[in-house]
Undergrad: 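Submitted below is the structure of interest, expressed as structure tokens.
First the proteins, then the strands, lettered A, B, ... as listed; each starts at 1.
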Amino acid sequence: MADVYDPQAIEQRWQTRWDVEGTYQVENDDPRPHWYTLCMYPYPSGSAHMGHVRNYTFGDVIVRYRTMNGYAVLSPMGFDSFGLPAENAAIKTGRHPREFTDERIVQLRSSILRIGAVYDWRRQVTSHSPEYQRWTQWIFLKFLEAGLAYRRNAPVNWCPGCQTVLANEQVLADGTCERSGDAVEKRDLNQWFLKITDYAQQLLDDLDGLDWPERVKTMQRNWIGRSEGAEFSMPFTDGSGNLIEGVAALQVFTTRPDTAFGMTYAVMAPEHPLVADIVSEDQRRAVEDFIALARQSSDVERMSSEGSLDKRGVFTGAHVRNPFTGRPVPVYLADYVLMGYGTGAIMAVPAEDQRDWDFAMAHGLPIIRTIATPEDFDGEAYTGDGVHVNSEWLDGMAKDEAIEAAIAFLEREGIGEGRINFRLRDWLVSRQRFWGCPIPVVHCASCGVVPVPVEQLPVLAPDDVEFLPTGESPLRAHEGFLHTTCPSCGAAAQRETDTMDTFVDSSWYFLRFTEPWNDDSPFSAAAADSWMAVDQYIGGVEHAILHLMYARFFTKALSDLGVAPAGLREPFTRLFTQGMIRLGGDKMSKSKGNLVAPEEILDAQGADALRLAHMFVGPPQDDVDWEGVGIDGCARFLQRVWRLAQGEVGQLPIQRERSPRDVEILRSCHRLIVKVDEDFERWSYNTAVASFMEFTNELYRYVQSEQGPEAGTLAECVDTLLLLMAPMAPHITAELWEMRRGGHIHLERWPEADPALLVVDTVTLVVQVNGKVRDRIEVDAAISEDAARDLALASEKVQSFLEGAEIRKVISRPPNLVNLVV
RNA sequence: GUCGGAGUGGCGGAAUAGGCAGACGCGCCAGCCUAAGGAGCUGGUGCCCGCAAGGGCGUGGGGGUUCAAGUCCCCCCUCCGACACCA
């Protein structure tokens, strides 16, 4: 047997076979227990990069492991094929984004195949396919019908150069457009929103039941941003406290109603609708200048702490009556108060809020402490707990008690109530883009917004379009697309030209995978029921908030709308987020130009070595530096396994009675089974690889030992090693298995450890004196506490350290450890 | 600023429930094999003292709990990540 390990030939052969034989195709009615493994479907960017390789290798290991363990495993793959890069390329080259995208899908798909990852390709889903668009639009209309989709005026990022709205991600840190470099402005536009805020509380609560990384859950909790407090109203007055008639009262939200006696002014957001009504004549000019300034400045400028605070706020000339004291306080505008959160207005308590403190100092406003500060406190605003002072009927109370009392007061007076606020906003899904899924409505002069009838779906963007260098969506200028008739009254009407955010596509693709051929609905509840929720979802931590939050929202909403099963409240039971790949400290990325092409490694050392190297380099959730990925070591290891399995190492096996040495290696073999199972379950692939290496080293010593290997023992050890390695190194193990045993290793059952071989009868007892190891003694595993102690005391080495000193205490933890304290 | 995560040999990392720190790999050193070795095989390799036997020190720093701490508690430092005028 002189076959050389030739990864290229082997890998190609097996990849073809898995594909042709449909090894990993699975039916919905498969009688085996179901398991759904999913890697986040990729944006088709061309050939796979190392991040893809890492991601899909993890997924593939699970697919193969679960399959060998007797599960019907759903392992689909698709492409998140709408998005900006294709459109930008179209603007540059004039080519239709579909051509560009389809080419890249072919590239990416073939490089995913080359790493040996297996999928049920019959289920492939692409966001831009007409069928998928049809059902995305169908879902949108369901949402619209249910009031979960709505249109309203909203301030958006507007690029004057591109003549279009930009997503927040497209605005650079300095407030300029990533494409044109122009300064991005705020503009009010009529935009489509999805009402994710309806689900804020559920999205928060249901996090508790998910087996997700704690940091991802924390990020989602912060993003949802629940805060408890009170909302109440304050009537506008003049400077002496006389009520101003005909103006609505000012609504404010606060988490600290207990500090209201310390309110020395109030602040409204510059965009607040009441501003025009309450500004005094002598302040009108200053207020208008301030509003204009705030409007021009980008969010980034506004959020920064740069710039002096006295310039960032202005007195309105109006006052409101503090309901707690009955006295008027001045009302200011300041850009640190945001219209989008709470009520867009606050009561300001400088003594107990640092930001209010800073503003008060800059504007010469009074500061009244309402909570006694601790003795050693030398800060400015004090936000901790303490006894209330200067607060009349709240005096003497602690924080929590006082909050309750203050809310009770507001409710009694009928001016406010306890209130929960969320930071989460409704999801703005409108994009003024061409390469996205069109929003399926028409605008009719007499009927208003009218949904496109479902039998007319999908609404597809036309092919004969010209991409303008300005970046403006060609849909807006396409007469054939634009003009239509109103489905309701039949009069001439205009199509909506906004397309949906691509996150909409990725919010339900995992459901479509359960039944991608369904022609009557996006998926049937039965199909969803048979596979959902996804048992293991795998992807990058960069999606911790947006994608994972939107997908959760869609699942809940579709469940409530009766599209998805009623009991399906969460899409992803278990989530794993892999670390990033870096090179020399930088994130590996196209824009940084520091990519290492997987192809070169696949050509040289092969997919199995590359996969193994990714598994071995460190904990999967940690970032990895490519420098640390030891491809050569892994390739060398696979060579060792190859030679061992081919019988090229050591003495020829013979048939004979099993010796203690043979049994010893068998024990190692069965311990390995247990170890690998444990490691796979806890995502500790790096240590699993280490134990493969360790066992292989042991086998090398075994076959090279004087006694030589016993045939049956060696065969069992090598076969078991191959089976355990099959998920990680699928090609080489399949090849060796076929050569040795015939048949297909990936259809074999996962090995089970023989309990009899796991029983250990001797153990190394560690003997410590004052916690320092002084001796090691081989003992019976069932040794008693007393026997262990006696053995320890009898040890010569131990005696020399005791030097006759009095033993104060003996800790005996048989069979592992005895500690003698002197 | 707030919230998370992390800090262990020359390097990547291991130590799963408080019980032998450094598994496994890389690198390096030596031996074998060889015409040769950028192949293969065997062994060694935390630091310090010592010819050795042996001993001491050692998981970012400081303190604590414990018979016993990389692991638990308190304080501090550094790095990474997320959110950042959220009322």
Side-chain angles (χ1 to χ4, degrees), chain A residues 213-223 225-227 229 231 252-256 259 266-267 269 299 302-305 309 312 334-338 340-349 352-356 358-359 421-424 541-542 544-545 579-580 582 585 612-613 616-619 621-625 627-634 636-637 639-640 643 648-650 675 678-679 681-682 684 686-697 700-701 704 764-776 808-813 816-822:
Chain A
E214 209 44 55
R215 67 172 170 155
V216 173
K217 293 207 257 185
T218 304
M219 282 161 78
Q220 293 220 344
R221 285 191 190 105
N222 293 343
W223 187 263
R226 182 184 199 271
S227 66
E231 189 176 316
V252 295
F253 173 74
T254 177
T255 54
R256 293 296 302 277
T259 62
V267 189
D299 269 357
R302 229 178 118 163
M303 305 287 172
S304 85
S305 44
L309 277 168
R312 302 183 57 201
D335 61 5
Y336 76 79
V337 173
L338 310 172
Y341 183 78
T343 62
I346 61 163
M347 68 171 201
V349 184
E352 275 92 36
D353 183 296
Q354 187 60 42
R355 200 190 33 213
D356 293 347
D358 294 338
F359 191 86
N421 245 317
F422 293 95
R423 205 193 77 113
L424 184 71
V541 73
E542 66 273 17
I545 295 173
M580 260 188 336
R582 302 169 179 280
L612 209 63
F616 185 52
V617 66
Q621 65 275 15
D622 288 4
D623 287 355
V624 296
D625 197 311
E627 311 280 346
V629 179
I631 298 283
D632 291 336
C634 289
R636 198 176 303 162
F637 166 67
Q639 295 274 8
R640 277 166 71 80
R643 286 194 301 271
E648 290 169 23
V649 192
K675 165 88 169 132
E678 283 171 3
D679 284 353
E681 292 297 337
R682 68 187 176 111
S684 185
N686 51 331
T687 54
V689 176
S691 30
F692 293 149
M693 291 171 168
E694 209 167 357
F695 184 58
T696 303
N697 293 342
Y700 261 66
R701 284 191 293 272
Q704 291 175 61
T764 306
L765 175 80
V766 171
V767 184
Q768 300 178 332
V769 177
N770 286 338
K772 288 188 178 168
V773 181
R774 294 307 183 187
D775 200 6
R776 293 184 171 85
R808 296 200 349 253
K809 200 168 179 183
V810 179
I811 314 288
S812 185
R813 290 285 135 79
N816 296 312
L817 180 127
V818 171
N819 189 10
L820 306 171
V821 186
V822 299

Undergrad: Report the residues that fulfil side-chain contact (heavy atoms from CB on, under 4.5 Å) with A:A345, sequence neighbours left out, ordered by chain and then residue number.
TA: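 Only A:L250, A:V252, A:M268, A:H272, A:T343 meet the side-chain contact (heavy atoms from CB on, under 4.5 Å) criterion with A:A345.
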Undergrad: Who does B:rA82 pair with, Watson-Crick or G-U, both distances under 3.5 Å?
TA: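 Across any shown strand, B:rA82 pairs with B:rU2.
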Undergrad: Figure out the CG/C1' separation between A:D358 and B:rA87, and round it to whole Å.
TA: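 About 14 Å, once rounded to whole Å.
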Undergrad: Not counting sequence neighbours, which residues clear salt bridge (Lys or Arg N to Asp or Glu O under 4.0 Å) with A:R701? List them please.
TA: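 For A:R701 there are no salt bridge (Lys or Arg N to Asp or Glu O under 4.0 Å) partners, ignoring immediate neighbours.
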Undergrad: Can you see if the side chain of A:Q639 gets near the phosphate of B:rG40 - specifically, an N or O under 4.0 Å from OP1 or OP2?
TA: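 A:Q639 to B:rG40 OP1/OP2: no side-chain N or O under 4.0 Å.
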Undergrad: Please encode protein proximity along nucleotides 6-11 of chain B as a string of B, S and -, counting only heavy-atom distances under 4.0 Å.
TA: ------
Undergrad: Just jot down the side-chain contact (heavy atoms from CB on, under 4.5 Å) partners of A:R423, sequence neighbours excluded, or say none.
TA: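 Here the qualifying residues are A:W223, A:Y341.
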Undergrad: Can you sort out the partners of A:R226 under side chain to side chain donor-acceptor pair (under 3.5 Å), two or more places apart, ordered by chain and number?
TA: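 So A:R226 forms a side chain to side chain donor-acceptor pair (under 3.5 Å) with A:Q201, A:E228.
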Undergrad: Holding to salt bridge (Lys or Arg N to Asp or Glu O under 4.0 Å), I want the full list of residues that pass it with A:K675, two or more places apart in sequence or in another chain.
TA: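 Result, salt bridge (Lys or Arg N to Asp or Glu O under 4.0 Å) vs A:K675: A:D679.
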Undergrad: Let's test this: given Watson-Crick or G-U wobble pairing with both distances under 3.5 Å, identify the partner of B:rC24.
TA: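 Base partner found: B:rG12.
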Undergrad: For each nucleotide in nucleotides 16-24 of chain B, reading 5' to 3', give B when a protein heavy atom comes within less than 4.0 Å of its base, S when such contact involves only the sugar-phosphate, and - otherwise.
TA: B--BB--BB
Undergrad: Mind listing the N/O atom pairs, protein and nucleotides 27-29 of chain B, below 3.5 Å?
TA:
none

Undergrad: What does A:F637 touch in the nucleic acid at a heavy-atom separation under 4.0 angstrom: a base, only the sugar-phosphate, or nothing?
TA: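 Here A:F637 touches no strand at all.
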Undergrad: When you measure from the side-chain N and O atoms of A:R640 to the phosphate of B:rU42, is any distance below 4.0 Å, counting only OP1 and OP2?
TA: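 So the side-chain polar atoms of A:R640 do come within 4.0 Å of the phosphate oxygens OP1 or OP2 of B:rU42, strictly under.
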Undergrad: Any side-chain N or O of A:K772 below 4.0 angstrom from OP1/OP2 of B:rC57?
TA: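 For B:rC57, OP1 or OP2 has a side-chain N or O of A:K772 closer than 4.0 Å.
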Undergrad: For B:rC57, what is the paired nucleotide under Watson-Crick or G-U wobble rules, both distances under 3.5 Å?
TA: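 For B:rC57, the partner nucleotide comes out as B:rG46, under the 3.5 Å rule.
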Undergrad: Could you work out, with salt bridge (Lys or Arg N to Asp or Glu O under 4.0 Å) as the rule, every residue matching A:D622, not counting sequence neighbours?
TA: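 Applying salt bridge (Lys or Arg N to Asp or Glu O under 4.0 Å) to A:D622 gives none.
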Undergrad: Write down the protein N/O and nucleotide N/O pairs, taken from nucleotides 32-34 of chain B, whose separation is under 3.5 Å; answer none if there are no such pairs.
TA:
none

Undergrad: Under the rule for side chain to side chain donor-acceptor pair (under 3.5 Å), what residues qualify as partners of A:R640, not counting sequence neighbours?
TA: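 With neighbours one apart ignored, the set is A:N697.
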Undergrad: Could you tell me which residues satisfy side chain to side chain donor-acceptor pair (under 3.5 Å) with A:Q220, sequence neighbours excluded, listed by chain and number?
TA: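 With sequence neighbours excluded, A:Q220 shows a side chain to side chain donor-acceptor pair (under 3.5 Å) to A:R552, given in chain and number order.
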Undergrad: Give a yes/no on whether any side-chain N or O of A:R423 is located under 4.0 angstrom from OP1 or OP2 of B:rA87.
TA: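 No.
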